[in-house]
Each structure stands twice: as C-alpha cells, then as structure tokens.
Amino acid sequence: MPEILTGMNNAYDILQERGFIAQVTDAALRDRLGSPLTCYAGFDPTADSLHVGHLLPVMALAHMQRCGHRPIVLVGGGTALIGDPSGKNEMRRILSRDEVRRNAESIKKQLSRYVTFDGLESALCLDNADWLTPLNYIDFLRDIGRHFSVNRMLAAESYRARLESGLNFIEFNYMLLQSYDFLHLYTRHDCALQIGGNDQWGNIVAGIDLIRRVAGGQSFGLTFPLITTAAGTKMGKTESGAVWLDPARTSPYQYYQFWINTDDRDVERFLLYFTFLPAARVRAEIDSGIQMAKELLAFEATRLSHGDGAASQARQDARSAFYGDGGNLDSIPASRIAASSLRSGVPAFIFFADAGLCASRAAARRLIAEGGGYVNGERVGSFEDTITLEHVKDGYILLRAGKKRFHKVVVE
RNA sequence: GGAGAGGUACCCGAGUGGCCAAAGGGGGCAGACUGUAAAUCUGCUGGCGACGCCUACGGAGGUUCGAAUCCUCCUCUCUCCA
C-alpha cells in the first residue's frame with residue numbers, strides 16, 4: 001500500500017498556486033497526489049545544455065520531488081535520432097547516438113541542481129533510445145499503431161496547425177512514440193503522470209489513452225501554460241540567442257542580467273515560476289517594491305542554477321557596474337590585450353570591436369558615432385579617438401556599450 | 001512520375017535590365033526620457049583604417065556596356081494531379 005503523504009502540501013496545490021497548471025486531464029489528479037507517485041517530463045538532448053526555456057518543467061519536477069514524489073527526467077535520445085517534434089517549423093538536426101549520449105549526460109548534471117538523483121525520492125534519468133531503437137516496425141504497428149485513430153490525431157490542435165504548412169510522416173509519428181514512452185514508463189517504472197508544455201497536450205492525452213487500452217491503467221497528464229513575456233515574445237530568448245544554464249555558454253553574470261531585465265509585469269509570475277520562494281513572500285516582495293523584487297528574482301534564479309557564490313558575485317558586480325560602488329567586477333565579460341599594443345594608441349572603434357563588444361568595426365563606428373560608446377564611464381566623442389595606456393586603471397580598461405553592456409579589457 | 005508556384009538581408013516581404021547595399025514592416029542597436037522596467041519620440045541597422053573598394057537576392061554557367069531582374073542546367077520548398 002502506498003504511504004499517505006501527510007504534513008506537507010499537496011503538490012497540485014503548490015503547482016496551482018504558482019501558476020504552473022494550464023490543463024489537467026483529470027480532476028482526480030489532486031487526490032492521487034495525496035500519496036507518492038512517479039511523474040515524468042521529457043527533454044530533447046539537442047544541445048549539451050538546457051536553456052531557460054526548459055526551466056518550467058524542471059521547476060515543476062523539483063516541486064514534485066519536494067512534495068515527496070519521484071520525478072523521471074526523460075531524455076529523448078531516441079526521438080532525437082529521427083528529428084522533428086510536433087509544432088516546430090523546421091526539421092530538427094538529426095544527431096548521432098554519441099552526441100545524444102554526451103548531451104544527455106551534461107543535461108543530467110545541470111538538472112541535478114534542481115532535483116536530486118540520489119536519496120529516498122531519487123529522480124531517474126532515462127533515455128528513450130534504450131527502448132525505442134530496438135523496436136521492430138511490424139510489431140510496433142501491430143501492438144501500438146492499431147490503437148491510434150488517424151482521424152483523432154488530425155483533430156489534435158498541434159497537427160491541425162501543421163496541416164496548413166505541411167507535415168511529414170516522421171512528425172506525424174511523434175505522437176505514437178511519445179505515447180509509447182509514457183506506456184513504457186508506466187509499465188516499467190510505475191509512472192502515472194506526464195507533465196509538459198501545453199503544446200504537448202495532444203501527445204500526453206494520446207499516451208494516457210494508450211495506457212488505458214494496452215495496460216488497462218489510469219494515468220494523468222498536466223500541462224503548463226506557454227510562457228510569454230508581457231511584451232508578447234517567447235520567454236528565454238534574447239537577441240544573442242538562448243539563455244543557457246551552462247556557465248560556459250551564458251556566464252552567471254549574463255544569466256543574472258537576463259533576469260534583472262525582466263519586464264516589471266512579469267516579475268511576480270517569474271518569481272513564482274523560477275524560484276522556490278513561498279507565494280506569500282513573493283506577494284510581499286512585489287508589494288514592497290518592484291526593483292528589489294526584480295533583484296531578488298535575478299539573484300534567486302542565478303543561485304539555483306549556478307550556486308550561492310556565483311550569484312552573490314553576479315549581484316555584487318552588477319551593483320558595482322551600474323551604481324559605481326567600485327567593486328572589482330570579477331565576473332563581467334572580459335578580454336585581454338597586451339600593454340605593448342596600447343603604447344602607440346588604438347582607435348576607439350577598433351578597440352571596441354577587438355574587445356568583442358561590437359560585432360564588427362563598422363558596428364563599433366556606428367555605436368560610438370551614436371554616442372553609445374563609453375570608456376571608463378566617459379562617452380567617447382569620436383570613433384577615431386585613441387585608447388592608450390593612460391586609460392588603464394587598476395590593470396584594466398572598462399568599456400560600456402549603451403546603457404548596460406559592460407566589458408572589461410584586462411591589460412597585461 | 002506529371003503540372004504549376006516559389007527560394008530576396010536576422011524574420012516577413014516589395015522589387016521583373018541601370019536611379020539597388022536593395023522599398024515597407026517586424027526584430028535588433030543607439031540617443032532622449034527613466035528605474036538596468038514599460039510606453040513614447042529620433043537616428044542607425046553587409047564588410048573594409050572607408051568620399052572609394054569588396055561581398056550579397058538558392059547554386060553553377062551564359063546573354064549584355066550593365067543582371068536580384070533575361071536564358072540554360074542543377075538544387076530545395078510548397079500546391080494540385082497520379
């Protein structure tokens with residue numbers, strides 16, 4: 001008999017209070033969450049790092065684990081071998097087994113900051129390549145394919161949209177594979193709940209159906225709202241691309257900057273989604289001042305994926321850079337230059353471009369001509385002004401592009 | 001396999017022989033305002049040590065004084081038919 005979870009909040013209530021729930025397949029889920037259950041969310045191992053766009057399911061799994069449930073992180077290594085998930089416009093690059101394995105390994109490592117893979121409610125990390133690749137086509141059609149109605153599949157929102165723009169057979173099969181995953185996890189790991197983005201609704205429901213037909217069991221699905229920013233854009237993208245959890249791709253300082261640039265209107269929502277602060281605390285923080293709340297969001301989010309030290313450092317350096325309380329700016333983006341090359345002076349636009357602050361020398365000319373180039377806090381008058389050793393302070397030259405892009409050039 | 005439509009810059013999308021580094025919009029960047037927010041207004045938005053030169057309208061050739069525009073072949077996408 002399953003133990004009864006007592007003395008802690010129902011995971012459903014927590015997820016609901018925090019705005020994670022867009023749809024659930026069955027209202028009975030809340031009661032079912034009164035005792036421990038295994039749930040899963042899928043991740044595509046298309047890169048060796050997750051980005052903030054993945055964070056919602058990650059946080060949901062973390063909440064589940066904290067409430068005494070067991071999360072399964074499903075890495076879609078098998079599905080990555082064939083390509084495209086539904087809903088995307090372009091074919092996904094097809095990855096080799098080795099790439100997928102490597103990616104899965106580092107993704108698991110990142111996730112271990114959010115869920116624990118050891119201990120009592122240890123999370124599992126599984127790769128669907130393990131059961132998808134040995135599948136035999138004829139067997140699959142006979143045992144699994146027979147349970148799917150094309151008519152019903154076509155009615156799914158995710159496919160209906162694609163009917164206009166075109167849908168290939170692989171994409172169309174995605175629902176079957178994902179359903180099969182759920183069935184597999186249900187029978188092998190007693191996993192009775194799949195969570196995912198709202199665009200996964202059709203696939204999740206299909207999986208639940210398949211479990212009922214094949215295994216005669218009851219399972220559940222829960223989807224998250226699609227997160228957009230108040231400005232209406234997809235959350236987690238910046239001009240320069242995705243915001244990664246991997247510090248080698250997006251440094252903790254940059255990560256912190258991403259969060260602190262959150263739109264005022266999104267701060268409360270994001271605090272609920274991307275931190276573990278109690279909802280009451282979140283409300284209080286919002287009430288006592290949006291800017292402090294935003295800094296808290298940036299700090300907490302950074303702390304979760306990069307740890308205390310990196311988060312403190314990022315906050316410290318951000319304060320120093322923006323409010324000038326003279327810190328050492330250890331974590332802001334930096335490059336190096338030899339002192340000798342400064343002896344005869346370097347034109348500012350070349351200096352900015354070579355430092356990596358501007359994409360090209362032409363861009364650097366533009367930036368400075370528009371009055372957006374600063375050296376040690378002072379606006380550069382002309383892009384031909386020269387940078388010399390006299391600009392070096394404490395061993396470096398501090399550059400700034402526009403209001404908020406700082407860069408340190410260390411002179412050695 | 002057959003017929004047709006199409007591939008233009010980060011994206012959408014105009015342009016069908018010179019006035020085209022290519023309209024317009026979106027996005028982005030910068031300035032003003034401000035709070036590292038939003039909204040608004042303005043400017044910029046291929047590269048090059050630069051009044052010029054180089055690269056660029058799916059790819060390769062060709063016609064022409066001159067091609068994103070015309071011709072040939074290739075390639076990819078979409079639609080309809082089989």
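Numbers restart at 1 for each chain; the letters A, B, ... are given by sequence-line order, proteins then strands.
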Whole-Å distance between [N] [atom2] and [X] [atom1]?
X         : N      : atom1 : atom2 : value
Gln257(A) : U36(B) : CD    : C1'   : 7 Å
Glu295(A) : A37(B) : CD    : P     : 14 Å
Asp263(A) : A39(B) : CG    : P     : 7 Å
Lys403(A) : G31(B) : NZ    : P     : 7 Å

Set of residues satisfying ring pair (Phe, Tyr, Trp, His ring centres under 6.0 Å) with respect to [X], sequence neighbours excluded:
X         : value
Phe276(A) : His63(A)
Tyr273(A) : Phe20(A)
Phe224(A) : none

Exercise. When you measure from the centre of the six-membered ring of Phe322(A), is the NZ or CZ of Lys404(A) under 6.0 Å away and within 45° of the axis?
Worked result: no
Considering only the [atom1] atoms, how many Å lie between [N] and [M], rounded to the nearest integer?
N      : M      : atom1 : result
U75(B) : C41(B) : P     : 50 Å
G62(B) : G17(B) : C1'   : 15 Å
C76(B) : A14(B) : P     : 25 Å
U8(B)  : A23(B) : P     : 15 Å
G46(B) : C11(B) : P     : 14 Å
A3(B)  : G13(B) : C1'   : 27 Å
C10(B) : C33(B) : P     : 33 Å
G15(B) : G24(B) : C1'   : 11 Å

For [N], the Watson-Crick or wobble counterpart (both distances under 3.5 Å):
N      : result
U42(B) : A30(B)
G18(B) : C65(B)
C78(B) : G4(B)
U36(B) : none
C73(B) : G59(B)

Measure all distances between protein nitrogen or oxygen atoms and nitrogen or oxygen atoms of nucleotides 25-27 of chain B, and list the pairs falling under 3.5 Å.
none

Problem set entry | Non-hydrogen atoms of Met64(A) and Leu33(A) that approach each other most closely |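 Residues Met64(A) and Leu33(A), closest heavy atoms: CE-CD2, 3.6 Å.
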Looking across every strand, which nucleic acid part, if any, lies under 4.0 Å from [X] by heavy atom: base, sugar-phosphate, or nothing?
X         : result
Ala401(A) : sugar-phosphate
Phe406(A) : nothing
Asn261(A) : base
Arg405(A) : sugar-phosphate
Ile260(A) : base

For this session: Would you give a per-nucleotide map of nucleotides 43-54 of chain B, 5' to 3', where B means the base has a protein non-hydrogen atom under 4.0 Å away, S means only the sugar-phosphate does, and - means neither?
Result: BSS-SSBB----
Exercise. Judged by modelled atom types alone, do Gln313(A) and Asp317(A) share a side-chain donor-acceptor pair under 3.5 Å?
Worked result: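 Yes, a side-chain donor-acceptor pair sits under 3.5 Å.
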For this session: Kindly state each residue pair satisfying side-chain hydrogen bond (donor to acceptor under 3.5 Å, both in side chains) with at least one member in residues 140-151 of chain A, sequence neighbours excluded.
Result: Asp139(A)-Arg142(A)
For this session: With sequence neighbours excluded, give me every side-chain hydrogen bond (donor to acceptor under 3.5 Å, both in side chains) pair touching residues 377-391 of chain A.
Result: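 Every pair satisfying side-chain hydrogen bond (donor to acceptor under 3.5 Å, both in side chains) with a residue in residues 377-391 of chain A: Tyr374(A)-Arg379(A).
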Exercise. Does anything in residues 284-293 of chain A reach RNA chain B, meaning a heavy atom under 4.0 Å, and if so which residues?
Worked result: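 Listed by number, they are Ile290(A), Gln291(A).
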Output side-chain donor-acceptor pairs under 3.5 Å for residues 361-369 of chain A, partner residues at least two apart or in another chain, one line each.
none

For this session: Please name all residues satisfying side chain to side chain contact (heavy atoms under 4.5 Å, CB included) with Lys403(A), sequence neighbours left out, ordered by chain then number.
Result: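 By the side chain to side chain contact (heavy atoms under 4.5 Å, CB included) rule, Lys403(A) matches no residue at all.
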For this session: Mind running side chain to side chain donor-acceptor pair (under 3.5 Å) on Asp246(A) and Ser49(A) for me, showing each step along the way?
Result: CA-CA 6 Å; Asp246(A) 179 356; Ser49(A) 173; 4.9 Å; no
Using OP1 and OP2 only, check whether a side-chain N or O of [X] sits under 4.0 Å from [N].
X         : N      : result
Lys404(A) : G35(B) : no
Tyr323(A) : U36(B) : yes
Tyr253(A) : U36(B) : no

Exercise. Between Phe299(A) and Trp259(A), does the ring centre distance come in under 6.0 Å?
Worked result: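 Here the rings of Trp259(A) and Phe299(A) have centres that are no less than 6.0 Å from each other.
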Exercise. What residues form a side-chain hydrogen bond (donor to acceptor under 3.5 Å, both in side chains) with Arg188(A), not counting sequence neighbours?
Worked result: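 Arg188(A): no side-chain hydrogen bond (donor to acceptor under 3.5 Å, both in side chains) contacts found.
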Atom pairs and distances, side-chain donor-acceptor, residues 177-186 of chain A, under 3.5 Å, sequence neighbours left out:
from: Gln178(A); atom 1: OE1; to: Asn203(A); atom 2: ND2; distance (Å): 3.1
from: Gln178(A); atom 1: NE2; to: Gln194(A); atom 2: OE1; distance (Å): 3.0
from: Gln178(A); atom 1: NE2; to: Gln200(A); atom 2: OE1; distance (Å): 3.0
from: Ser179(A); atom 1: OG; to: Met175(A); atom 2: O; distance (Å): 2.7
from: Ser179(A); atom 1: OG; to: Gly207(A); atom 2: N; distance (Å): 3.3
from: Asp181(A); atom 1: OD1; to: Trp131(A); atom 2: NE1; distance (Å): 2.8
from: Asp181(A); atom 1: OD2; to: Asn128(A); atom 2: ND2; distance (Å): 2.9

